[in-house]
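All of these numbers come straight from a predicted model, not from anything done at the bench. Numbers here are sequence positions counted from 1.
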Amino acid sequence: MNNFTGQVTGHFRTFAQTLVDTELGFKYYAAYKGNELQKITMAVELSTSINIKEPRWDQSTFMGRAKHFFTVTDPRNILLSNEQLENAHKIITDYRKGVVSPGLSEDELWRAKYIFDSAFHPDTGEKMILIGRMSAQVPMNMTITGCMMTFYKTTPAVVLWQWINQSFNAIVNYTNRSGDAPITVSQLGTAYVSATTGAVATALGLNALTKHVSPLFGRFVPFAAVAAANCINIPLMRQRELKHGIPITDENDNRLGESTKAAQQAISQVVVSRILMASPGMAIPPFLMNHLEKKAFLKKFPWMSAPIQVGLVGFCLVFATPLCCALFPQKSSMSVSRLEPELQDKIRATHPGVERVYFNKGL
């Protein structure tokens, strides 16, 4: 009997120690069987209290926003299949309803959230055009910008690449607009034609002016054209927001109305971000290329100029894109006192405790 008891004790000295790993969401049970220590893994359902409406990192700091946008603009996201996107969509929509996918860990939840954010519009919920997503910014811009800066000396080349660039910008600006209101075909056409005309006119005008100065100055013409076009394209592409306003909320995401003042702040922040985003890739390579083209290698292989320039621009954009997106909070805010007078009165009457309003500035 004693032997039997000893065997039972030896075989069933289970769950003597419980270790909880909260990071992975699993409980580990240490159990003795004879002289062998065994570890039994039991899944614990993920908490539904994680706030996935907000980014994973603190958005009140530049570093937190930079980490967020390095993830959002990751070019690898454009390689994801529709099945992966739909799976992420299901995980996030289910989680928002309080339904947790079996075996889902916190890291997997956040990964799904960033896949979801990279492909679906934050206001409308619709799947965004592939080349309009922020994850496509680096590969698309490095190719277009590199070619703009390589082929800038002749009028046909300037017209072609400025047209391609503004076509791409129009898609990006429409895809990443703020709010959930549709934009008409007429508004799209006006913005597109105006921005393309402005960019081409700026580029050709500056090209004419720089014919009698150092060739180095000529290399900066595409940057000036891009900056001018951004100042035209973004406000025109988002003109409906300037006329009718964008949705504003309180800190708990309760919608308070639409504000044109908020739209003005949002669009001005995006224009500044876009110009600065283009700056490193269009300001640093000209100096390097001006030096390299005097060397024997590029004199012997002039066709290598375009690939080298594209590579240099790409390297700059890998860092400039997320860092410039992070300059201003995505969920921007402003004081109620800066809103339109009638909207101020409405908010103070219906929500007397609200001092600041929040809105998606767009990208």
For the residue pair [X] and [Y], what are the closest heavy atoms and their distance?
X      : Y      : result
Asn77  : Thr71  : ND2-O, 3.3 Å
Leu327 : Arg65  : O-NH2, 3.4 Å
Phe359 : Ala266 : CE1-CB, 3.9 Å
Pro235 : Leu242 : O-CD1, 3.8 Å
Gln309 : Gly146 : CG-O, 3.8 Å
His244 : Thr260 : C-CG2, 4.0 Å

Say you draw a straight line from [atom1] of [X] to [atom2] of [Y]; how long is it, rounded to the nearest 0.5 Å?
X      : Y      : atom1 : atom2 : result
Glu106 : Arg111 : CD    : CZ    : 15.5 Å
Arg56  : Trp110 : CZ    : CH2   : 6.5 Å
Ser259 : Leu343 : OG    : CG    : 5.5 Å
Ile248 : Ser333 : CD1   : OG    : 11.5 Å
Thr197 : Gln162 : OG1   : CD    : 11.5 Å
Cys325 : Phe70  : SG    : CZ    : 10.5 Å

Shared hydrophobic cluster for [X] and [Y] (ILVMFWY, side-chain gaps under 4.5 Å):
X      : Y      : value
Trp161 : Leu317 : yes
Ile275 : Ile144 : yes
Val336 : Leu256 : yes

Show your working on side-chain contact (heavy atoms from CB on, under 4.5 Å) between Val158 and Thr155 and close with a plain yes or no.
-> CA-CA 5 Å; Val158 168; Thr155 298; 5.7 Å; no

Aromatic plane relationship, Phe116 with Phe120 - under 30° parallel, 30 to 60° tilted, over 60° perpendicular | parallel

Any side-chain donor paired with an acceptor under 3.5 Å for [X] and [Y]?
X      : Y      : answer
Asp107 : Ser105 : no
Ser332 : Gln265 : yes
Ser335 : Arg356 : no

Phe315 atom CZ: more than 12 heavy-atom contacts under 6.0 Å = no

For atom CD of Glu83, is the number of surrounding heavy atoms from other residues, nucleotides or ligands below 6.0 Å larger than 12?
-> no

Within the 4.5 Å heavy-atom criterion, are [X] and [Y] side-chain neighbours or not?
X      : Y      : answer
Gln84  : Ile115 : no
Ser135 : Pro75  : no
Arg133 : Lys127 : yes
Arg96  : Ile52  : yes
Pro139 : Ile78  : yes
Pro352 : Arg348 : no
Asn360 : Ile246 : no
Leu276 : Leu323 : no

For side-chain contact (heavy atoms from CB on, under 4.5 Å), just list the numbers for Val357 and Asp250, CA-CA rounded to whole Å, side-chain angles, deciding distance to a tenth of an Å, and then say yes or no.
-> CA-CA 5 Å; Val357 295; Asp250 61 16; over 6 Å; no

Return the set of residues passing salt bridge (Lys or Arg N to Asp or Glu O under 4.0 Å) with Glu340 (not counting sequence neighbours), or none when no residue passes.
-> none

Distance-only, no hydrogens or angles: does the [X] side chain make a donor-acceptor pair with backbone N or O of [Y] under 3.5 Å?
X      : Y      : value
Gln137 : Met134 : no
Asn252 : Asn254 : no
Gln344 : Ser337 : yes
Thr93  : Lys90  : yes

Give the C-alpha distance, both sets of side-chain angles, the deciding distance and a yes or no for side-chain contact (heavy atoms from CB on, under 4.5 Å) between Val100 and Tyr95.
-> CA-CA 5 Å; Val100 180; Tyr95 188 83; 4.1 Å; yes

side-chain contact (heavy atoms from CB on, under 4.5 Å) between Ile92 and Leu109, worked out = CA-CA 8 Å; Ile92 296 304; Leu109 174 66; 4.1 Å; yes

Is it true that Asp253 and Lys331 have a side-chain N and a carboxylate O under 4.0 angstrom from each other?
-> yes

Do Asp117 and Lys113 meet the salt-bridge criterion of a basic N to acidic O distance under 4.0 Å?
-> yes

Passing candidate, side chain to side chain contact (heavy atoms under 4.5 Å, CB included) with Thr145, options Val313, Val310, Leu312 = Val313

Residue pairs fulfilling salt bridge (charged side-chain N to carboxylate O under 4.0 Å, His left out) with at least one residue in residues 257-273, sequence neighbours excluded = Arg255-Glu258

Pairs meeting criterion salt bridge (charged side-chain N to carboxylate O under 4.0 Å, His left out) with involvement of residues 301-322, two or more places apart = none

Pair Tyr114 + Trp57: ring centers closer than 6.0 Å = yes

